[in-house]
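Beneath this line is the structure, given in structure tokens, with notes to follow.
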Amino acid sequence: MSTFRRFRLICTVASTAQIHMASRSKKVRDKVVLAYSGGLDTSVAIRWLQQKYDLEVIAVSINVGQPGDLQEAVDRAVEIGAVQAYAIDATDDFVKDYIGPSLKANALYMGTYPLATAIARPLIAKIMVDIAKKEGAKYIAHGCTAKGNDQVRFDVSIAALDPELKIIAPMREWVMTREDEIEYARQNDVPIKVKKECPYSTDENIWGRSCECGILEDAMAEPPKDAYEWTVDPEDAPDSPEYVDVHFRKGVPVGLDKKKRMPLTDIVKKLNQLGGEHGCGRVDHIEDRLVGIKSREIYECPAAVILINAHRDLEKMVLTKDLFSYKRGVEQRFSELAYDGLWFSPLAEALMAFVDKTQEFVEGTVRVKLYKGSATVVGRSSPHSLYDTGLATYADGDHFDHRSAEGFIYVWGLPLRTVAKAQKK
Ligand code: ARG
């Protein structure tokens, strides 16, 4: 079954009159599937694709947990001249097929960024490819610019799924400032809602919000309060902590506190809200973009930070020392692949299979304390715990064989003893 049929789908088809208007020339035109956000860039792109490439535009708006009205977006697309517009709610698929695997891999790019934007791109690409196939479109278009990672993620994911499809990235081609775009829209009857210009470039989905540009480009400047939307300033967070118990099964969160079974989407939403209230999940770092540029990035990702901390903590309790340590390397490589647009690569798929195998016994409960910006793990338990109080204790009940320590240390240190005798002056 093609992916998009599984999504909740609202499909707006242009009226006959609109199609007529949009296809004044008699000849059959090729189709392009455009990833449509409803904003200025992609609204202008609808008309531009018609004019520059003489294409029929099919607009696709995809929800992965960001705010905004999808129906309004597709209605506008049709009003502008798209022959068809899809509104697709893919949040649950995003959570299950992209956030789940990333969390199992404790995926953090450069050890810091939970990859919210990065892992949504392959899903969006997949939906676009499915719609292109269904509609017989030869082209896919997106609104990414030439300096970011997202263009690479879209283009490479689309190529991996259907190498025959051609990609058009209008914003890589046209040379228009925001003012030029507004003027273009005015001259070409593109109805747009010109909002007050946001001082930042932002992207949001259920796994996190990213914020860059503007004053943030000064790497030394502390982000102004208005850079944050999901989280309160830790200074203004409640003076008393809040505890939350996260229940895991096979490496995936399955419940919170007294609720032992909850959909993962609800868990993520709840932790974004709770964590946000306590100022948790703010990230401010310098990031290595795939295109060779270093950039200063601000993220808000309370649920991601809480869940990755909790998940990794539980792994420390149930994975062997070797497996935990080896997996850290796999996690780093996987995070880089996800960041670099290689989600659909054979290596990423193989690493995901490895990670899945490691999750068999990652079951239990982790208690997290949310307090003024921190999400600290303060307790954990598991039916598969390798933590044995009888071995660990310094008090009564100790069953560790103390005499065997001496022999072990003799053998363990033997190579160093040998080196010291033979080679050290
Ligand atoms: N730097 C992040 C990434 O590459 C976020 C990019 C978000 N895009 C944006 N237009 N703000 O994944």
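What's counted below: heavy atoms across the whole structure, side chains too, no hydrogens, waters or symmetry copies. Just so you know, ligand 1 is whichever comes first in the structure, and atom 1 is the first atom listed for that ligand.
- E315 and N106 form a side-chain donor-acceptor contact under 3.5 Å, judged by distance and modelled atom types alone.
- Ring pair Y53/W48 is perpendicular by interplanar angle, where above 60° counts as perpendicular and below 30° as parallel.
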Please tabulate, one line per pair, the protein nitrogen or oxygen atoms found under 3.5 angstrom from a nitrogen or oxygen of ligand 1, with distances to 0.1 Å, or say none if there are no such pairs.
from     : atom 1 : to   : atom 2 : distance (Å)
ligand 1 : 1 (N)  : E287 : OE2    : 2.9
ligand 1 : 1 (N)  : E297 : OE1    : 3.1
ligand 1 : 1 (N)  : E297 : OE2    : 3.3
ligand 1 : 1 (N)  : Y299 : OH     : 3.1
ligand 1 : 4 (O)  : N149 : ND2    : 2.7
ligand 1 : 4 (O)  : R153 : NH1    : 3.2
ligand 1 : 4 (O)  : R153 : NH2    : 3.0
ligand 1 : 10 (N) : S201 : OG     : 3.0
ligand 1 : 11 (N) : S201 : O      : 3.2
ligand 1 : 11 (N) : S201 : OG     : 3.3
ligand 1 : 11 (N) : E212 : OE2    : 3.3
ligand 1 : 12 (O) : Y113 : OH     : 2.6
ligand 1 : 12 (O) : R153 : NH1    : 2.9
ligand 1 : 12 (O) : R153 : NH2    : 3.1

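- Below 30°, between 30° and 60°, or above 60°: for W412 and F408 the angle between ring planes is below 30°, a parallel geometry.
- Y139 carries K166 over the face of its six-membered ring, with the cationic atom under 6.0 Å from the centre and within 45° of the normal.
- Both tests hold for R153 against Y339: distance to the six-membered ring centre under 6.0 Å, angle to the ring axis within 45°.
- A donor atom on one side chain and an acceptor atom on the other are found under 3.5 Å apart for K134 and Y86.
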